[in-house]
Every structure is written in structure tokens, then in C-alpha cells.
Colleague: 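Below you will find the structure I want to go over with you.
Remember, it's a predicted structure, so these values are computed and weren't measured experimentally. Order of the sequence lines fixes the chain letters, A, B, ..., with proteins taken first and strands second; residue numbering starts at 1 for each chain. Every heavy atom of this structure was used, including side-chain atoms; hydrogens, water molecules and symmetry mates were not.
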There are 2 protein chains.
Amino acid sequence: MDDLKRQFNRIGMRYTAQRSLVHQLFLGSPCGLTIPEAVSALKDRRVGETTIYRTVRALQEIGRLCWVHDHKGEHRYVACGSRHSHPIVCTVCGKVAECRTCELSVLEKLLGLETGYTVEGHHLEFYGKCADCSRLPAQETQ
Amino acid sequence: MDDLKRQFNRIGMRYTAQRSLVHQLFLGSPCGLTIPEAVSALKDRRVGETTIYRTVRALQEIGRLCWVHDHKGEHRYVACGSRHSHPIVCTVCGKVAECRTCELSVLEKLLGLETGYTVEGHHLEFYGKCADCSRLPAQETQ
DNA sequence: AATCTAATGAAAAATCATATCATTAATAGA
DNA sequence: TCTATTAATGATATGATTTTTCATTAGATT
Ligand SMILES: [Zn+2]
Ligand SMILES: [Zn+2]
Ligand SMILES: [Zn+2]
Ligand SMILES: [Zn+2]
């Protein structure tokens, strides 16, 4: 996919053979992978640990990878198609489906129809500026 | 708070002086804390690392602690008042407010009014059973 | 081809999390 | 209260994960 190359270039990075292998690996992993899992999966393909860490970060940056928490609370990285999407994780087999709709109240009800999943729960985290910080012009970080 | 003691007992644990210190620490940290931060904050109070890890888990179990991701993607644990609530993280100062309403589409709009935050984004993760697994009686884990 | 720039991965170092276990503290019953 | 029982604590060791460093290699540009 040449699209990928362009997206990597846009963030000042090259789309190399190793990075392609990392991306392919995630595309072929419906339950996602933890980083250690990705590392060991590509050990024989001679892709180094450092490269995997860097590529995971880059793929997230260009919106091709997101994460979910597995049953142990560990980050599991999953290929996705857009920067903003809502993954749904199967609590039994761990398979992840992507939901790109973002009408939230409608979402939970429609989600079952769209994905075939039985929704049992969710984790929702908002980001924004607090009242104090909304007033400020510049930014001090936490 | 004696309520806390009861909640700990309910999960077969004792509410000890150290656990109280851990809880107090989180109650006094509006931006939440990573575990290493909590460890070093309580080093002089002579609360051990192991106790902190265990207490963080227990507080989550009884619904007094939840987590958010900070700007680096790290888990930051934040005191909360109920098992299911939606934290909102300030992208400038990191302060976290708790939103206990869970009507999702309404939520994002009302959130600003309730908390004074300007909502900029969110991370939403659903959990449920996929179509295949909904049919099965028992469970194979991922 | 020559030059420049970024990527790679081995190794080391740092960080984070868990497991073990002797000791101490809290609870419950006599 | 005293004692028996059970759980909590934290020092230490261990293991896992993540980051840093840097000599080498590969890709892009001219
Ligand atoms: Zn499933
Ligand atoms: Zn959304
Ligand atoms: Zn703020
Ligand atoms: Zn909710």
C-alpha cells in the first residue's frame, strides 16, 4: 500500500520493509497484540525490538493502530482504519471489531447490530480543558 | 471513613493504616498518580511498594479508584466515587473531574456544563461478546 | 556514484511489576 | 484479656518490559 508510505512520510518517517512487516502482523491479528507478543512474533523475521516499539508509536500517530485493554488490563494494539474509532472487545475470545460511528447514545444500541456483539460494558475517557485552563492562552503541562 | 472499612471487608480485605494512607494520597491528587509516583510519594511514610500495588487493585475493585491515560499514554490512577463513572482529563493541566452521568450522547454535550471542561476528545472502549461467542455456552479465553 | 539522512538492532541500562517469605498486626473466640 | 487464627506488610529477589546508546546499514537526493 503506497498510502502508508505517504502517511509515514507526512510524519517525517520512512516506510521500510520492517515497518511493513509490523503493520501486516497487526492487520492479521484480530485480537490485537501486546508489544512483547509482537516482538516474539517477529523474532524469526529478524525485526528488532526497538523497531517494533518505534513502529507501534508511528502507526498510532497516523491512525492505523489503536489500543484496547485485555482482560488483564494490558494494552493490546489493534489495527484500525481511522484516527477516531471505537473498538469493541469480545470478553470471551478477545476479538476486536471496529466501530467508526460516533453518535454515542445511539452507538451502544446500534453497536450490537453493526458488529454482532452483545455489549456488556465500556470504558470511556474524555479529554478536554478544565475551566481554569480554558481561560489561559498558553499551556503548562501536568 | 468507616464505609471504606466495610467495603474492604466485603472483598475479604482489611482496611489498614497503610491502605488508608494510599487512599488519602489519591484523594488529594486531582491529576491522579502513576503507581511509581504513588510509591515515591509514600516512601517517607513507610508504605511499601507491594502494599501500594495491592491497595490500588483493591480500591479499583471497590470502585474508589479508576484510571485515565495521561498525555504520555501512561496509566494514572484517580480517586472516584462510584464503580462506573467517566473521568474527564484536562489536556493542559491534567486535572481530572468525575462525571457520573452515563447517557452517552447527551453526556458529551452536558459534560461541559457539568464540569466546566471544554471537551476535546475521548477514548471509548466497549466490552462484550462477539456473535460467535454469544452463541457458545462456556468460555475459552483469548 | 557521492552525499546526506534516517532506520536498524545489539547491547546495556533503567524502569516497572511480581513473587517469596519472615515478621508484624488485626480479628475473633475462649 | 489472652490466645489462636488469619491476613498484611515490606525487604529482597526475581522477572519482565521499556528506553537509551551507538556502530552499522539502508534509503533518498543530487
Ligand atoms: Zn468472541
Ligand atoms: Zn468517539
Ligand atoms: Zn486544566
Ligand atoms: Zn458509561
Colleague: Are A/H23 and A/L4 side-chain neighbours, meaning at least one heavy-atom pair lies under 4.5 Å?
Modeller: yes
Colleague: Can you check whether A/T16 has a side-chain N or O nearer than 4.0 Å to OP1 or OP2 of C/dA7?
Modeller: no
Colleague: When rounded to the nearest 0.5 angstrom, what distance separates CG in B/L25 from CZ in B/R45?
Modeller: 9.0 Å
Colleague: Classify the ring geometry of A/F26 against A/Y77: parallel below 30°, tilted from 30° to 60°, perpendicular beyond 60°.
Modeller: perpendicular
Colleague: Would you list the protein and nucleotides 15-17 of chain C atom pairs, both N or O, that sit under 3.5 Å from each other?
Modeller:
residue	atom	partner	partner atom	Å
C/dA17	OP2	B/Y53	OH	2.8
C/dA17	O5'	B/Y53	OH	3.3

Colleague: Return the value, rounded to whole Å, for the distance between atom CE of B/M13 and atom C1' of D/dT9.
Modeller: 12 Å
Colleague: Roughly how many Å is it from OH in A/Y15 to C1' in C/dT8, rounded to a whole number?
Modeller: 17 Å
Colleague: Decide yes or no, distance alone: a donor-acceptor N/O pair under 3.5 angstrom between the base of C/dT27 and the side-chain of B/R14.
Modeller: no
Colleague: Nearest whole Å is fine: how far is D/dT17 C1' from A/H75 NE2?
Modeller: 14 Å
Colleague: Can you measure B/K5 atom NZ to D/dA8 atom P for me and round it to whole angstrom units?
Modeller: 13 Å
Colleague: Would you say the side chain of B/L21 lies within less than 4.5 Å of the side chain of B/Q24, judging by non-hydrogen atoms?
Modeller: no
Colleague: Using only heavy-atom distances, decide whether a donor-acceptor pair under 3.5 angstrom links the side-chain of B/T50 to the base of D/dA11.
Modeller: yes
Colleague: How many whole angstroms separate atom NZ of A/K43 from atom P of C/dG9?
Modeller: 13 Å
Colleague: Enter the distance from A/Q18:CD to A/T16:OG1 here, rounded to the nearest 0.5 Å.
Modeller: 4.5 Å
Colleague: What's the shortest heavy-atom distance between B/R76 and B/G32, and which atoms?
Modeller: NH1-O, 3.1 Å
Colleague: Nearest whole Å is fine: how far is D/dT6 P from B/N9 CG?
Modeller: 16 Å
Colleague: Are any of B/R46's side-chain N or O atoms less than 4.0 Å away from OP1 or OP2 of D/dT9?
Modeller: no
Colleague: Does C/dG9 have OP1 or OP2 sitting under 4.0 Å from an N or O in the side chain of A/Q18?
Modeller: yes
Colleague: Please work out whether the ring planes of B/H75 and A/H75 are parallel, tilted or perpendicular, with thresholds of 30° and 60°.
Modeller: perpendicular
Colleague: Measure the distance from CG on B/L42 to C1' on D/dG10 and round it to the nearest whole Å.
Modeller: 13 Å
Colleague: To the nearest angstrom, how far is A/R54 atom CZ from D/dC22 atom C1'?
Modeller: 11 Å
